[in-house]
Amino acid sequence: MKTKLAVSAAAALAAFVVWVAQAAVAATPQASLAPAAAAAASPNGSWTTYHRDNAHTGYDSTQPTAAGATTGWVSPTLDGNVYGEPLVYNGVVYVSTLQNTVYALNQSTGAVIWSNNLGAPQTSGWQCGNINPTGILGTGVIDTAASRIYVAPFLTQYTAYFLFGLDLATGNKLLQTNISPAGFDWRIQQERGALALSKDGSHVYVPFGGRIGDCGAYHAWVVGAPTNGGIPDELFEGPSTGAGSWAAGGVVVDDSTGHVFFSTGNAIPCSGSVFSDSVIETNATLGGLSNFQPLDWQAHWCAPDFDLGSASPVLISPSLMFMSGKYGQGFLLNPAALGGTGGQLFPTGTPYVGADVCVGNHSDATFGSFAYAAPRVYLECEGHGLVSLTVNTAAPSFSLCDSSCAAAGTWQAGGNATFGPPIIAGGVAWAVDINGSGLYGFNAADGTQVYHSAAFGVTHFSTPSEAGGQIFISSDRVVRSFNMVAGCSTMSAAAQPPSPSTAGTKVVVTGSASGAGSGCPNPRYEFWLLPPGGTWALAQAYSPTAAYSWDTTGLAPGTYRFSVWARDASSGNSYDSFSAFDYAVSTTNCTAMTASAAPPTSAEVGSGVTVTGSATGCPNPQYEFWLLPPGGSWSLVRGYAASANYSWATGGRMPGTWRFSVWARDAGSPGTGGTAPYTYDSFSAFDYTLTTCSTMTATPAPPTSASIGTPVTVTGSAGGCTAPLYEFWLLPPGGTWSLVQTYSTNGTYNWSTTGRAAGVYRFSVWARDTSSPGIAGSAPYTYDTFSAFNYTLTTAPCTGMSASAAPANTASRGTQVIVTGTASGCPNSQYEFWLKSPSGVWSLAQGWSGSVSFTWNTTSSTAAGTYRFSVWARDASSSGTNGTPPSTYDAFSAFDYTLT
């Protein structure tokens, strides 16, 4: 597809060159007389291309932080509406009108220096559209090296677009080239996007797209016209119907490579189209095509007419680009490798989850272009004000703005306004409301509003420009200027008592701010402190209070530095001005130290222990407590404070010998011993012993042994601890240990031996104090002490058995017959009843249980004849000494029974 497209573009360019050569002879406009030059303006900053630079960041990093703005001049009324962004260079503001007139205005006063009308615009004849007349619509570009401004008017005399190059100082025409490509139909498309200058200055790039209404079989064009006056020799022609390049931001150029980027809208139809809803990259000659296209381009962008190309991209770096469009989801792209369909760096995944950037809006979400000032991207969101997203350039991603727009790193400002594309200058995001409510300024870091002008009208997609601290806006038929203001411009700060002071002294630091004219009517103050060898810390946040009370108690001696910041209440700056000074603090030292514990020497785990220090030689001692556990390492258990006592909770502590070290230093001392930050003037240390459960016995009842089925009670008794807990473990014959009762205050375990196998069992009873983690074993199975013993379970099989029936021997059918067994020689006999039918088939009548009888309910339908009963018996502890598992017994008795 790429090769085919390249051949098609080459053919189109060849036809274009022939057509333009013919048109240049027959239809070159006559040069108008150059207007007389006015008095020279004073240079003050520059803004020479759309959104200031070829990357279209819209960011001027040269301006000091602004607190707001004031209203400046308004130009004389021009001969038509201005749609493009004002450009500024060498003290002159340049704008172009729909009447095809270029104006040069004095940057300081707004007065017209020169104007030049390039020919009559088109006023009718198009198939669709909403701009009349159609003259110069897109933003031009200034070539500072050649001292020219380039614009692209439509001239009705020739029904064609031309590229004009005018002298910046005089407005004289230095270049005029017909740039309408062969096959271009002005009735269905127009030049709306901003022009761009190639990296080497040899060409001007001019984009074309459709008109509102999407009439006719239009498509995208980008023309590269030589600045030496030659006919256009570079051309991109979109391969699909529709998919025009109409965004106001126009063409982006990578200064590092010279590559060209522009966006396209939806193709018509979507199916089978190429480069619909794309960011397209070419080399400097508009060849070597690649593109990015959302994976869901057809369903979410093309089919509902939600163009990705409603805006042009912003180049963050040679390896990162941000893009969004009408559908309201954003992308980070690698401009060096756009990746085709689904080739974005973020969001990740195939398929990916869309990254909302405009308050969850998925319809006509954003237009024009974006701004970037690290680490943030700024974009207008139709009906949702201005949104700023934080970009992670290392692991490409950005914070989101879904329906709540509350993600970390994201802010939204301006309520429900609809802004044109924003710019960033003086730490403020500036944007104009296209519905006429005026210019807004928002703190670029957090979105706080710092300025709002009076109302005035603008055109759709209107975006400000800025130079030298002045903001310029195309406002219908005039240009308006605003002056950024710096707020509190001067600041002084002092301390009382003055430096130096001893530690513990209360010091009051006071600031005093002022501003030129009315620049600082409501000063706010913030206080920062830098300790010796440390880092700056906020001491008191912004407030109307001009004083900060500094408590020097406990501070290390040395030289501290204060910085007092000031800004006006209306300022969005971090600060408008500041004043800084040094302050010296001196100290005294603690010379001696003792430490003791209560109770002294030792205590049982779980007891409360109070450790007390006593320092001498210092007026304001502070104490710090350190603790060394048995076999462990030192840990800080309480940092420096005026309290000389530390309450040690020993619950859960390891029994054994612990060591305390109590440190002391004066409140004003940094410490004369130790290594920062762990310093002291003097210290005292001592050992302390924690005790816990030390002895343990365990006994069973009945002792030693019992027959299976006998209840056995195992009892543990611990010594040396006031609140013992017990845990019981059991090892069966030939088996493994199992936990039969977890730790509790209950010292007995009731063992049910029923169903157990005969043999030697082993019990282990563990104990630990309630406050002890256990000094032996492995977590979570730990203990302080234990006792173990063996216990034997024996069996007692039944040795004899008799069985009888009632009524005896015989009964008529329907009679209830009770069969009873009686076993001997076994303490816990169990019985099982079997019945043989007259046909000779045995069946289980009643399974093993403690019941000695079985009730046989005969009925009139029960067969008459001789039945045989067999009653089995075995002890509950016996698995049966006769029979074959599972049918086993110790003894049995059988008899016949006749039903008549």
Side-chain angles (χ1 to χ4, degrees), residues 1-2 4-13 15-16 127-129 137-138 152 154 161 179-196 203-225 232 234-253 259-270 272-283 285-294 297-298 301-302 305-313 323 325-326 338 340-341 367-369:
M1 180 176 292
K2 184 174 179 180
K4 181 179 178 181
L5 184 59
V7 172
S8 175
L13 178 60
F16 177 37
Q127 293 183 18
C128 60
L137 188 56
F154 186 88
Y161 279 98
I179 58 172
S180 293
F184 180 87
D185 187 347
W186 65 271
R187 298 171 302 165
I188 61 175
Q189 55 192 112
Q190 64 187 3
E191 198 292 304
R192 179 68 180 88
L195 281 57
H203 286 74
V204 174
Y205 304 116
V206 186
F208 294 92
R211 295 175 178 269
I212 190 169
D214 285 344
C215 53
Y218 72 91
H219 51 272
W221 305 82
V222 178
V223 174
E234 298 172 356
L235 177 69
F236 167 85
E237 179 180 1
S240 299
T241 302
S245 184
W246 61 272
V251 177
V252 173
V253 177
H259 286 196
V260 175
F261 301 87
F262 49 91
S263 60
T264 63
N266 62 293
I268 305 173
C270 300
S273 66
V274 179
F275 291 167
S276 174
D277 297 284
S278 292
V279 174
I280 295 177
E281 175 206 17
T282 74
N283 59 26
T285 61
L286 301 180
L289 300 172
S290 69
N291 82 304
F292 160 76
Q293 183 181 56
W297 69 271
Q298 187 159 343
W301 302 82
C302 183
D305 191 18
F306 294 160
D307 306 35
L308 180 68
S310 65
S312 59
M323 184 60 184
K326 285 187 188 181
L338 289 178
T341 302
F367 291 87
S369 61

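Just so you know, these numbers come straight off a predicted model, no measurement behind them.
Listed here is the closest heavy atom pair of Y161 and A152: CD2-O, 3.8 Å. K326 and D305 make their closest contact through NZ-O, 3.2 Å (heavy atoms, listed as atom of the first residue, atom of the second, distance). A pairwise comparison of heavy atoms in S312 and G250 identifies CB-O, 3.4 Å as the closest pair. The two residues S263 and M323 have their closest heavy-atom pair at CB-CE, 3.6 Å. Counting all heavy atoms, side chain and backbone alike, W221 lies closest to A182 at CH2-O, 3.4 Å. In terms of heavy-atom proximity, A220 sits nearest to A243 at CB-O, 3.1 Å.
Distance check: T341 OG1 to Q298 CD gives 10.5 Å after rounding to the nearest 0.5 Å. One distance of note links CH2 of W301 with CG of L308; it measures 5.0 Å at 0.5 Å rounding. With rounding to the nearest 0.5 angstrom, the OG atom of S245 is 12.0 Å from the CZ atom of R192. The OG atom of S278 lies 13.5 Å from the CZ atom of F261; values are rounded to the nearest 0.5 Å.
Between the side chain of S240 and the main chain of V274, a donor-acceptor pair closer than 3.5 Å is present. Within the 3.5 Å criterion, the main-chain N or O of S273 finds no donor-acceptor partner in the side chain of S276. Between the D307 side chain and the S310 main chain, no donor and acceptor come within less than 3.5 Å of each other.
Taking 4.5 Å as the limit, every side-chain heavy atom of I188 sits out of range of all side-chain heavy atoms of C128. Contact of the L289 side chain with the N291 side chain is not registered, since no non-hydrogen atoms from C-beta on lie closer than 4.5 Å. Using a 4.5 Å cut-off on side-chain heavy atoms (C-beta onward), L195 and V251 make no contact. For the pair Y205 and V260, the minimum side-chain heavy-atom distance is below 4.5 Å. Counting heavy atoms from C-beta on, the side chains of E191 and V206 come closer than 4.5 Å. The shortest distance between side-chain heavy atoms of E281 and L338 falls below 4.5 Å. Between W246 and T264, every side-chain heavy-atom pair lies at or beyond the 4.5 Å cut-off. For the pair L137/F154, no side-chain contact is recorded, criterion being any heavy-atom separation below 4.5 Å from C-beta on.
Judged purely by distance below 3.5 Å, without hydrogens or angles, the side chains of E234 and T285 never pair a donor atom with an acceptor atom. Using modelled atom types and a 3.5 Å distance limit, the side chains of W297 and N266 yield no donor-acceptor pair.
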Which atom pairs, donor and acceptor, lie under 3.5 Å between side-chain atoms of residues 207-214 and protein residues at least two apart or in another chain?
| residue | atom | partner | partner atom | Å |
| --- | --- | --- | --- | --- |
| R211 | NE | W186 | O | 3.2 |
| R211 | NH1 | Q190 | OE1 | 3.3 |
| R211 | NH2 | W186 | O | 2.9 |
| D214 | OD1 | Y218 | OH | 2.8 |

Start with the C-alpha gap between V279 and F262, add the side-chain angles, then the distance that decides, and say whether side chain to side chain contact (heavy atoms under 4.5 Å, CB included) holds.
CA-CA 6 Å; V279 174; F262 49 91; over 6 Å; no
